Q: 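Provided herewith is a single structure, encoded as structure tokens, for subsequent inquiry.
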Amino acid sequence: MSLQSTPPAAVSLSCDVAVIGAGHAGIEAALASARMGVDTVLFTMSMESIANMPCNPSIGGTAKGHLVYEIDALGGEMGRVADLVTLQSRTLNLGKGAAVQSKRVQADRKKYQSIMKRVLETTRNLRLIQSEIVELITSDAENGGKQVNAVVTRLGERWNCSCAIIATGTYLESAVFVGDVSYEAGPDGFLPAKGLSSSLEHAGIKLLRFKTGTPARIKRESIDFSVLEEQPGDAVSLPYSALHDETVYQKEQIPCHIVYTNSETHRIIRDNITRSAMYSGKIHGTGPRYCPSIEDKLVRFADKERHQLFVEPVGEETSEMYLQGFSTSLPTDVQRAMLRSLKGFEHAEIMRYAYAIEYDCADPTQMDASLEFKSVKGLFGAGQFNGTSGYEEAAAQGLIAGINAARHVQDRPALILPRSGSYIGTLIDDLVIKGTNEPYRMMTSRSEYRLLLRQDNADLRLTPLGYSVGLINDARYRCFEAKKATQEAEIARLEATFVSPKAANPFLQTLGEAELKSGSSLADLLRRPALTYALLEPIDPDRPQLPLAVRAAVETEIKYAGYAAKQLSEVERRRKLEEKLLPETINYKEIRGLRIEAAQKLTAVRPQTVGQASRISGVSPADITVLLIYLGMK
């Protein structure tokens with residue numbers, strides 16, 4: 001029973017999968033489950049909050065762009081809709097290698113919400129219902145622990161279900177903070193979710209308290225853009241989704257702008273920092289390390305004379321502008337003063353004030369790699385409820401939770417993505433094995449296999465999996481296979497096509513490149529850092545006309561082949577540990593030679609494989625050796 005009283009369940013209804021929350025995680029979860037043929041209900045507290053972007057209306061970014069490509073490759077929805085509402089597209093980290101280059105788009109917030117809502121409304125096997133879930137009903141499972149039976153709405157309806165997916169975002173027992181003012185509310189002034197937290201705790205789920213925030217929204221007409229630094233989008237960009245033609249995707253882009261804080265901005269913040277909810281002791285939740293408030297930046301980076309801020313549109317049909325990097329929980333008078341200290345913002349008008357928000361979330365180490373809770377069968381978590389930050393991390397988890405809830409209903413084994421095969425796998429592995437004590441953000445540096453996990457090969461890595469689970473249809477899969485064959489054929493052609501010194505050297509001289517002393521394949525020339533596929537065209541007149549995506553993927557595959565081979569050998573070396581299962585009933589405290597700390601950590605996390613065990617903080621290589629010896633003796 002929930003600790004909060006609810007009306008008696010007057011009506012009893014049923015579905016296979018109940019998804020709680022229609023943010024980015026809930027949407028992908030519900031769509032995946034329904035598209036796999038499972039009767040699914042998606043509950044939202046407000047139809048107006050579906051697919052909301054309460055923070056920055058952007059999709060992608062460093063490592064986040066990789067996640068969006070992977071979501072699309074598996075058959076998810078985020079990338080497809082992001083393409084349709086793109087205001088500007090930029091590739092980040094172009095000065096670095098292809099492995100860390102990430103696509104990011106500024107999206108039209110309202111159009112994104114509208115399209116996503118319509119997709120949900122027209123998807124077979126999916127019912128969309130505005131109702132707050134306040135209670136989770138469980139019973140004792142046959143093999144120990146609990147299992148999901150039903151969810152109960154605030155209006156007293158009981159929905160019997162086999163699985164429930166918690167994708168509550170930042171709504172659980174949420175509270176908003178602006179200076180010394182605080183009140184119960186969800187993001188953007190929506191109502192908070194009350195009651196479900198206590199019901200989850202009653203079911204044995206351990207909850208954490210996290211915090212995030214967002215900057216003020218500024219009226220476009222009150223900004224002097226003439227004194228700001230313009231930030232244009234890419235001249236040519238590729239869509240996120242394989243469903244979209246790259247030539248059709250090219251369109252006029254809206255410029256963004258850059259402004260910098262200054263000494264006066266910093267003085268205003270420092271003079272008032274004790275009035276910030278973060279520094280006055282009002283906020284107790286842990287905030288994101290990699291997306292701090294502006295006052296937190298000044299404390300952490302006291303030596304910096306200025307901080308870069310990005311001025312970005314919220315949509316085509318609104319005056320609201322987003323000021324990325326200016327998140328704060330300072331009171332409204334301070335927000336106005338520090339905003340008007342910026343160049344070009346002397347007469348700026350605030351349309352929505354910045355705020356910080358605290359909310360309940362789950363300790364993700366309670367889940368296994370399918371995102372199902374170990375102690376409650378049929379209960380899955382996704383998104384910020386799992387301790388992450390960001391729309392992309394949420395959507396990625398929602399997709400996997402939805403797939404695995406559907407497979408649970410269908411009595412099929414869970415889909416587990418290894419960390420060596422995707423950023424989604426890395427994200428989930430980090431959460432369920434290492435846990436997190438702050439809102440988790442995906443970064444390319446989190447993956448030891450990032451040379452293998454590029455944006456350009458997301459389809460090669462994951463589309464066969466999406467097809468196998470039923471989220472990629474036959475027509476799309478045939479297109480994927482055709483693209484793959486074209487790419488492989490072009491790589492083979494470049495490896496087999498040789499040019500003589502006589503033909504190549506005049507061309508190389510114009511580029512200041514070392515001349516050939518003997519014949520060379522086009523592939524070997526392409527491996528030179530200064531040469532690109534496009535630059536080689538003068539000495540490769542018979543090349544086929546290929547799509548930009550194929551040309552880019554071919555170039556990257558050839559340039560990275562040697563590095564990728566080394567990482568593949570490392571993946572192979574560790575494969576045995578990743579495949580060696582640990583018995584569910586193993587008693588780590590009884591294993592002789594295993595250190596006490598390691599036994600305690602292994603008991604708490606209950607890893608499924610030896611590979612997972614090796615990544616737990618406090619478990620040493622010597623402990624893994626002891627564990628392998630013990631398993632070999634069984």
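None of the values given here were measured: they were computed from a predicted structure.
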Q: Side chains of Leu471 and Leu465: does their closest heavy-atom pair fall under 4.5 Å?
A: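 Not touching, per the 4.5 Å side-chain cut-off.
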
Q: State, with a plain yes or no, whether a side-chain heavy atom of Ser139 is found less than 4.5 Å away from one of Lys146.
A: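 Result no, sub-4.5 Å side-chain heavy-atom pair not found.
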
Q: For Ser569 and Lys566, indicate whether the former's side chain and the latter's backbone hold a donor-acceptor pair under 3.5 Å.
A: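 Judged by distance alone, yes, a pair lies under 3.5 Å.
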
Q: For the residue pair Phe480 and Tyr477, categorise the inter-ring angle as parallel (less than 30°), tilted (30 to 60°) or perpendicular (more than 60°).
A: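 It falls in the tilted class, 30° to 60°.
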
Q: Strictly distance-based, threshold 3.5 Å: is any side-chain N or O of Asn125 a donor or acceptor partner for the main-chain N or O of Ala34?
A: yes

Q: Among all residues two or more places apart in sequence or in another chain, which pass the side chain to side chain donor-acceptor pair (under 3.5 Å) test with Arg419?
A: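 Arg419: side chain to side chain donor-acceptor pair (under 3.5 Å) contacts with Asp429, Asp430, Glu448.
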
Q: How far apart are the C-alpha atoms of Leu371 and Asn404, what are their side-chain angles, what is the distance that settles it, and do they pass the side chain to side chain contact (heavy atoms under 4.5 Å, CB included) test?
A: CA-CA 8 Å; Leu371 295 180; Asn404 285 327; 5.8 Å; no

Q: Looking at Ser447, is its backbone amide N or carbonyl O close enough to the side chain of Arg450 to form a donor-acceptor pair, meaning the two atoms are under 3.5 Å apart?
A: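 Between the backbone of Ser447 and the side chain of Arg450 there is a qualifying donor-acceptor contact (under 3.5 Å).
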
Q: For residues Arg407 and Met36, determine if any side-chain heavy atom of one lies less than 4.5 Å from a side-chain heavy atom of the other.
A: yes

Q: Rounded at 0.5 Å granularity, tell me how far CE in Met78 sits from OH in Tyr240.
A: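 Rounded to the nearest 0.5 Å, the CE-OH separation comes out at 9.0 Å.
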
Q: Tell me, do Thr609 and Lys580 make a side-chain contact under 4.5 Å, heavy atoms counted?
A: no

Q: Run Arg80 and Glu77 through salt bridge (charged side-chain N to carboxylate O under 4.0 Å, His left out) and show every step you take.
A: CA-CA 6 Å; Arg80 189 188 75 83; Glu77 194 70 13; 2.6 Å; yes

Q: Kindly write out the residues that satisfy side chain to side chain donor-acceptor pair (under 3.5 Å) with Glu142, not counting sequence neighbours, or none if the list is empty.
A: none

Q: Between Ile27 and Ala51, which heavy-atom pair has the shortest distance, and what is it?
A: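 Distance-wise, the nearest heavy atoms are CD1-CB, 3.5 Å.
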
Q: Show the nearest heavy-atom pair for residues Arg461 and Asn457, with the distance to one decimal.
A: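 Looking at all heavy atoms of both residues, the shortest contact is NE-OD1, 2.8 Å.
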
Q: Say whether Ser241 and Asp72, considering side chains only, have a donor N or O and an acceptor N or O under 3.5 Å apart.
A: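 Short answer, yes.
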
Q: Does Val68 reach the side chain of Lys103, with side-chain heavy atoms less than 4.5 Å apart?
A: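 They are not in side-chain contact.
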
Q: Checking side-chain polar atoms at under 3.5 Å, does Tyr467 have a donor or acceptor matched by the opposite partner on Asp474?
A: yes

Q: Roughly how far apart are Ile165 CD1 and Thr168 OG1, rounded to 0.5 Å?
A: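 Between atom CD1 of Ile165 and atom OG1 of Thr168 there are 12.5 Å.
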
Q: Who pairs with Phe380 by ring-ring contact (aromatic ring centres under 6.0 Å, His included), at least two apart in sequence or on another chain?
A: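 Result, ring-ring contact (aromatic ring centres under 6.0 Å, His included) vs Phe380: none returned.
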
Q: Run the salt bridge (charged side-chain N to carboxylate O under 4.0 Å, His left out) test on Glu135 and Arg158 for me, step by step, so that the C-alpha distance in whole Å, both residues' side-chain angles and the decisive distance to 0.1 Å come before the verdict.
A: CA-CA 9 Å; Glu135 187 176 2; Arg158 173 183 170 128; over 6 Å; no

Q: Backbone N or O of Gly195 within a donor-acceptor pair of the Ser199 side chain at under 3.5 Å?
A: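 It does not hold such a pair.
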
Q: Using a strict cut-off of less than 4.0 Å between a Lys/Arg side-chain nitrogen and an Asp/Glu carboxylate oxygen, indicate whether Lys377 and Glu372 qualify as a salt bridge.
A: no

Q: Tell me, please, whether Tyr359 has Lys211 positioned over its six-membered ring: NZ or CZ under 6.0 Å from the ring centre and within 45 degrees of its axis?
A: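 The answer is no; the distance or angle limit is not met.
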
Q: Kindly compute the distance separating CG (Asp363) from CG (Leu208), expressed to the nearest 0.5 Å.
A: 5.0 Å

Q: How close do Thr214 and Cys55 get, counting heavy atoms only, and between which atoms?
A: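 Distance-wise, the nearest heavy atoms are OG1-CA, 3.6 Å.
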
Q: Please check this pair: side chain of Asn386 against backbone of Gly381, looking for a donor-acceptor N/O pair closer than 3.5 Å.
A: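 Present.
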
Q: Please name the residue in the list Lys64, Gln384, His24, Arg441 that meets the side chain to side chain donor-acceptor pair (under 3.5 Å) test with Glu393.
A: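 So the option named by the test is Lys64.
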
Q: Go through the structure and list residues passing ring-ring contact (aromatic ring centres under 6.0 Å, His included) with His66, not counting sequence neighbours.
A: Tyr423

Q: Ignoring hydrogens and geometry beyond distance, is a side-chain donor-acceptor pair present between Ser620 and Asp623 at under 3.5 Å?
A: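 Result is yes, a qualifying pair exists.
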
Q: Take Ile586 and Leu627 through the side chain to side chain contact (heavy atoms under 4.5 Å, CB included) test and state the conclusion after the steps.
A: CA-CA 11 Å; Ile586 189 170; Leu627 195 56; 4.2 Å; yes

Q: Any chance you could measure Ile424, atom CD1, to Leu462, atom CG, to the nearest 0.5 Å?
A: 6.5 Å

Q: Can a donor-acceptor pair be found between the side chains of Thr388 and Gln397 at a distance below 3.5 Å?
A: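 Indeed, the side chains of Thr388 and Gln397 share at least one donor-acceptor pair under 3.5 Å.
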
Q: Show the nearest heavy-atom pair for residues Tyr391 and Ser58, with the distance to one decimal.
A: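 Between these two residues, the closest heavy atoms are CD1-O, 3.5 Å.
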
Q: Between Thr625 and Pro621, is there a donor-acceptor pair closer than 3.5 Å when you use the side chain of the first and the backbone of the second?
A: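 At least one qualifying donor-acceptor pair exists.
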
Q: Quick one: are Ile616 and Pro607 in side-chain contact, heavy atoms under 4.5 Å?
A: yes

Q: Hey, are Ser614 and Arg574 close enough side-chain-wise for a donor-acceptor pair under 3.5 Å?
A: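 Result is yes, a qualifying pair exists.
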
Q: Does the distance from a Lys or Arg side-chain N to an Asp or Glu carboxylate O, for Arg615 and Glu578, drop under 4.0 Å?
A: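 Looking at Arg615 and Glu578, the cut-off is met.
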
Q: Quick one: does Leu602's side chain get under 4.5 Å of Val619's, heavy atoms only?
A: yes

Q: Atom CD1 of Ile357 and atom CZ of Phe177: how far apart are they, to the nearest 0.5 Å?
A: 9.5 Å

Q: Tell me, with the steps shown, if Asn149 and Trp159 meet side chain to side chain contact (heavy atoms under 4.5 Å, CB included).
A: CA-CA 9 Å; Asn149 291 135; Trp159 283 83; over 6 Å; no

Q: Under the 3.5 angstrom rule, does the side chain of Ser14 hit a backbone N or O of Asn160 as a donor-acceptor pair?
A: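 No, the answer is negative, given that no donor and acceptor are paired below the 3.5 Å cut-off.
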
Q: Do you know the tightest heavy-atom contact between Gly60 and Glu392?
A: N-OE2, 2.7 Å

Q: Could you go through Glu358 and Phe210, starting from their C-alpha distance and side-chain angles, then the distance that decides it, and tell me whether this counts as side chain to side chain contact (heavy atoms under 4.5 Å, CB included)?
A: CA-CA 6 Å; Glu358 269 191 343; Phe210 279 0; over 6 Å; no

Q: Please tell me whether Ser197 and Asp360 have a donor and an acceptor in their side chains that are separated by less than 3.5 angstrom.
A: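 Short answer, yes.
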
Q: Between Arg595 and Gly618 (side chain of the first, backbone of the second, donor and acceptor by atom type, cut-off under 3.5 Å), is there such a pair?
A: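 Checked: pair present.
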
Q: I'd like to know whether Glu572 forms a salt bridge (charged side-chain N to carboxylate O under 4.0 Å, His left out) with Arg575, so could you lay out the CA-CA distance, the side-chain angles of the two residues, the decisive distance to 0.1 Å, and finally the verdict.
A: CA-CA 5 Å; Glu572 202 57 41; Arg575 189 183 300 279; 3.1 Å; yes

Q: What side-chain hydrogen bond (donor to acceptor under 3.5 Å, both in side chains) pairs are there with at least one residue in residues 598-608, not counting sequence neighbours?
A: none

Q: At what distance, to the nearest 0.5 angstrom, does CE of Met116 lie from CG of Asn52?
A: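 One finds 12.5 Å between CE of Met116 and CG of Asn52.
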
Q: What residues form a salt bridge (charged side-chain N to carboxylate O under 4.0 Å, His left out) with Arg127, not counting sequence neighbours?
A: Asp39

Q: On a heavy-atom basis, which atom in Asp16 and which in Val38 lie closest, and how many Å separate them?
A: CB-CG1, 3.4 Å

Q: Does Tyr449 reach the side chain of Glu570, with side-chain heavy atoms less than 4.5 Å apart?
A: yes

